[in-house]
Engineer: 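What follows is a single structure, and I will ask about it in a moment.
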Amino acid sequence: MNLGVAQKIMEAHLVKGRLVAGQEIGLKIDQTLTQDATGTMVYLQFESMGLASVATELSVSYVDHNTIQDGYENADDHQYLQSVAAKYGILFSRAGNGICHQVHLERFSVPGKSLLGSDSHTPTGGGVGMLAIGAGGIDVTLALAGSPFFLECPKIVRINLHNRLPPFSSAKDVILTVLGILTTKGNTGTVVEYGGDGLAGLSVPERATITNMGAELGVTTSVFPSDRVTLAFLKAQGRAQVWREILPDAGAQYSRVIDIDLAMVVPMVAKPHSPDNVCPVKDINGLAVDQVTIGSCTNSSYTDLMRVAHLLTGRRVHPRVSLVIAPGSRQVFRMLAENGALAAMVTAGARILEPVCGFCIGNCHAPCTEGVSLRTTNRNFKGRSGTPSASVYLVSPETAAVAAIRGVVTDPRDAGLACPAIAMPTAFVIDDSMVLSPPPPTERDAVTIVRGPNIGAPLQLEPLADFLAGVVAIKVGDKITTDDIMPAGRRLKYRSNIPKYADFVFEPIDATFSRRCLEYKQKGIDAIIVGGESYGQGSSREHAAICPRFLGVKAVLARSFERIHFANLINYGIVPLVLASHADYEVIQPGDVLETSGLLDSVRQAESIVVSNKTRGMTFQAQLTLSDRQRDILLAGGVLRYARGTDEISVRSVQSV
Ligand code: MIC
Ligand code: SF4
């Protein structure tokens with residue numbers, strides 16, 4: 001059979017099931033990555049398995065999200081992560097070494113390998129031809145223990161890129177164009193595979209910008225072939241030996257083929273408050289800008305920031321604008337420092353941040369009230385920047401730099417500036433000294449795991465009950481993101497402390513939600529969430545399931561769910577029920593009491609279940625769109641309890657902490 005790139009890698013990693021779109025498959029995972037905000041829970045759960053070391057080829061624990069350290073919490077997390085990595089044989093990338101996806105691409109990516117990361121932008125690795133997938137933390141825990149990763153076998157959409165990008169059009173504009181076509185909704189169970197003659201003109205960092213922001217499409221992952229361009233990048237990283245060619249077979253079958261002429265791609269912008277709300281930059285020319293932030297795992301490579309430095313050289317940042325730049329990695333930072341580009345940025349008036357997520361996750365540099373912020377990041381969900389009234393626009397580094405100088409949004413082609421031509425370096429600066437290797441296995445017994453007061457315990461769950469009776473604690477609309485459910489920013493430091501973090505569930509939408517649920521919980525009443533289309537968009541953060549479950553949420557009824565959040569709900573024993581019709585959604589109101597009996601039998605084998613709305617005296621059908629494995633996980637009361645009873649991993653003793 002003629003296979004595409006994604007199918008070839010999946011086939012090579014297939015350990016359960018058949019490669020038939022829609023069926024559940026299990027893939028062997030070669031590499032894992034975690035970041036600190038999701039990592040503490042990953043490793044607390046790994047500890048509870050009682051294993052001596054990780055079973056993967058390579059696992060890296062990054063510290064890049066929670067580095068603000070306004071209090072002891074982040075520092076406690078870092079110490080815990082460093083010690084747990086040493087104990088179990090995991091590489092530890094220290095705070096300051098860079099954003100997980102950028103560093104992983106530079107230093108650890110390998111064409112043809114599988115990578116599972118507890119962060120939704122893990123598909124960045126698809127830029128070198130890896131099958132790189134984002135997942136909830138506990139799925140990464142299981143992969144660390146040697147379990148396959150289970151997912152719906154995706155259908156493959158092929159995007160052919162033709163010709164070359166014109167001056168001032170960039171990889172960011174390509175993915176924004178793709179978002180305009182495919183949108184953020186309805187793409188679950190899909191992999192995007194890129195091909196076409198246009199690939200020859202796209203470097204690995206440019207490809208990685210495209211696969212990174214594929215996360216916003218809601219797809220399983222995005223992947224490029226591994227070709228001579230990939231080899232050139234790996235060679236420049238001193239890692240040519242890991243390269244192998246992976247090209248699609250002629251005649252490979254795809255479920256859909258989309259053609260994009262790169263020569264026609266223009267500078268694009270995603271307007272508030274969704275990454276698919278795109279239009280040409282030209283359409284908003286002249287909009288006054290208060291802030292420009294350049295960085296994040298989407299656009300913080302050496303070539304991105306060199307283009308910015310060139311545009312800023314000899315110019316000043318507009319007095320109205322606060323310009324913040326965060327390099328993606330210590331490698332990028334050092335190279336900019338050593339070749340003078342950093343000096344040009346500082347001279348122009350830029351504020352420089354260490355290589356971290358920072359403003360991208362609302363950790364710092366929140367815009368002013370009702371501010372207009374132009375960002376090279378990947379998400380512009382309302383409030384994510386830290387300022388609920390701000391308007392965030394997503395653009396390329398070139399468009400961002402030009403706006404920083406002019407103070408108004410300007411199509412960079414209209415600014416009268418020369419488009420900087422930056423060549424890919426033939427040799428990057430290589431210094432892995434901030435990646436700590438674990439001691440040899442014989443010395444790991446002596447490692448003591450450090451647990452400051454911020455380090456809590458994982459959630460303890462019980463098997464599914466047969467009868468569910470709960471109050472609709474909140475009803476929300478379409479495209480509810482995990483940032484809406486479980487805000488990050490100034491709340492991020494409580495990731496290792498579930499009871500505390502649970503105080504902030506749905507804070508941006510209804511700050512009384514948590515209190516209300518805790519009152520129900522005290523009275524022994526379950527809580528139910530009702531959502532619209534595409535519930536759980538955005539991040540992989542499993543806390544958007546863990547914390548509601550802690551508050552007593554037992555079911556979520558929604559018109560449709562996003563992939564990672566759907567899996568996270570099941571992993572934490574929350575039943576995801578799909579509302580068959582919009583009319584059913586319309587009828588249910590907050591405060592309604594919903595009941596269903598025979599839940600165990602339905603979860604075991606039925607495609608749907610009857611739910612009775614006691615408040616309104618009516619019933620409706622909700623669908624159970626579950627694989628057999630997902631049914632078993634729900635029945636067991638979550639994936640960790642389920643793992644005890646299977647041979648998927650060699651769990652010696654799963655303790656309840
Ligand atoms: C994000 O961009 O939203 C994050 C923060 O990187 C999340 C992970 C998290 O919430 O810790 C993601 O994308 O998965
Ligand atoms: Fe970090 Fe932002 Fe990338 Fe998430 S999207 S990993 S917060 S830089």
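Just so you know, ligand 1 is whichever comes first in the structure, and atom 1 is the first atom listed for that ligand.
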Engineer: Suppose we measure from atom 8 (C) of ligand 1 to each protein heavy atom; which comes out shortest, and what is that distance?
Structural biologist: Gln35 NE2, 3.2 Å
Engineer: Could Lys500 and Tyr494 be counted as a cation-pi pair, given that NZ or CZ must be under 6.0 Å from the ring centre and within 45° of the axis?
Structural biologist: yes
Engineer: Against heavy atoms of His65, which atoms of ligand 1 measure under 4.0 Å?
Structural biologist: 4 (C), 5 (C), 6 (O)
Engineer: Taking 4.0 angstrom as the limit and counting only heavy atoms of Ile361, give me the atoms of ligand 2 inside it, by number and element.
Structural biologist: 7 (S)
Engineer: Among all protein heavy atoms, pick out the one at the shortest distance from atom 2 (O) of ligand 1; state its residue, atom name and that distance to 0.1 Å.
Structural biologist: Arg384 NH2, 2.8 Å
Engineer: Tell me the salt bridge (Lys or Arg N to Asp or Glu O under 4.0 Å) pairs involving residues 371-382, sequence neighbours left out?
Structural biologist: Glu216-Arg379
Engineer: Just say parallel, tilted or perpendicular for the rings of Phe428 and Phe233, cut-offs at 30° and 60°.
Structural biologist: perpendicular
Engineer: Starting from atom 2 (Fe) of ligand 2, find the nearest protein heavy-atom neighbour and note its residue, name and distance.
Structural biologist: Cys360 SG, 2.2 Å
Engineer: Quick one: do Asp276 and Lys271 satisfy salt bridge (charged side-chain N to carboxylate O under 4.0 Å, His left out)? Show the steps, please.
Structural biologist: CA-CA 8 Å; Asp276 62 357; Lys271 294 178 288 180; over 6 Å; no
Engineer: By number and element, which atoms of ligand 1 are closer than 4.0 Å to a non-hydrogen atom of Thr38?
Structural biologist: 9 (C), 11 (O)
Engineer: So which protein heavy atom does atom 10 (O) of ligand 1 come closest to, and at what separation?
Structural biologist: Arg541 NE, 2.6 Å
Engineer: Among His65, Gln102, Met213, which one puts a heavy atom closest to atom 6 (S) of ligand 2?
Structural biologist: His65
Engineer: Between the side chain of Glu206 and the main-chain N/O of Ser203, is any donor-acceptor distance below 3.5 Å?
Structural biologist: yes
Engineer: Got an N, O or S from His121 under 2.8 Å of atom 3 (Fe) of ligand 2?
Structural biologist: no
Engineer: Do Val103 and Arg330 touch side chain to side chain, with heavy atoms closer than 4.5 Å?
Structural biologist: no
Engineer: If you have a sec, work out which protein heavy atom is nearest atom 12 (C) of ligand 1 and how many Å separate them, to one decimal?
Structural biologist: Ser539 CB, 3.1 Å
Engineer: Test the Arg549-Tyr572 pair against the cation-pi criterion, namely NZ or CZ under 6.0 angstrom from the six-membered ring centroid and within 45° of the ring axis.
Structural biologist: no
Engineer: Please list, in number order, the atoms of ligand 1 under 4.0 Å from a heavy atom of Ser540.
Structural biologist: 12 (C), 14 (O)
Engineer: With sequence neighbours left out, write down each residue that passes side chain to side chain contact (heavy atoms under 4.5 Å, CB included) with Ala37, or none if nothing qualifies.
Structural biologist: Gln35, His65, Asn66, Leu492, Arg495
Engineer: With a 4.5 Å cut-off on side-chain heavy atoms, are Lys493 and Asp70 touching?
Structural biologist: yes
Engineer: Looking at atom 13 (O) of ligand 1, what's its closest protein heavy atom, distance included?
Structural biologist: Ser120 OG, 2.6 Å
Engineer: Give the atoms of ligand 1, by number and element, whose distance to some non-hydrogen atom of Asp119 is under 4.0 Å.
Structural biologist: 4 (C), 6 (O), 7 (C), 8 (C), 12 (C), 13 (O), 14 (O)
Engineer: Would you please classify the geometry between the Tyr194 ring and the Phe224 ring as parallel, tilted or perpendicular, with 30° and 60° separating the classes?
Structural biologist: parallel
Engineer: Under 4.0 Å from a heavy atom of Ala37: give me the atoms of ligand 1 that qualify, with their elements.
Structural biologist: 11 (O)
Engineer: Out of all atoms in ligand 2, which are within 4.0 Å of some heavy atom of Asp119? Include the element for each.
Structural biologist: 6 (S)
Engineer: For atom 1 (Fe) of ligand 2, what's the nearest protein heavy-atom neighbour? Residue, atom name and distance, please.
Structural biologist: Cys357 SG, 2.3 Å
Engineer: So do Gln331 and Asp431 actually touch side chain to side chain, heavy atoms under 4.5 Å?
Structural biologist: no
Engineer: Under 4.0 Å, counting heavy atoms only: does His101 come that close to any atom of ligand 2?
Structural biologist: yes
Engineer: Can a salt bridge be assigned to the pair Arg491 and Glu507 using a cut-off of 4.0 Å between side-chain N and carboxylate O?
Structural biologist: yes
Engineer: Report yes or no: does a heavy atom of Arg495 sit under 4.0 Å from some atom of ligand 1?
Structural biologist: yes
Engineer: Output the list of atoms in ligand 2 that are nearer than 4.0 Å to some heavy atom of Cys297, sorted by atom number.
Structural biologist: 3 (Fe), 5 (S), 6 (S), 8 (S)
Engineer: Heavy atom under 4.0 Å from ligand 2: found in Asn378's side chain, backbone, both, or neither?
Structural biologist: side chain
Engineer: Is there a heavy atom of Arg379 sitting under 4.0 angstrom from any atom of ligand 1?
Structural biologist: yes
Engineer: Hey, is Glu47 close enough to Arg451 for a salt bridge, meaning N to O under 4.0 Å?
Structural biologist: yes
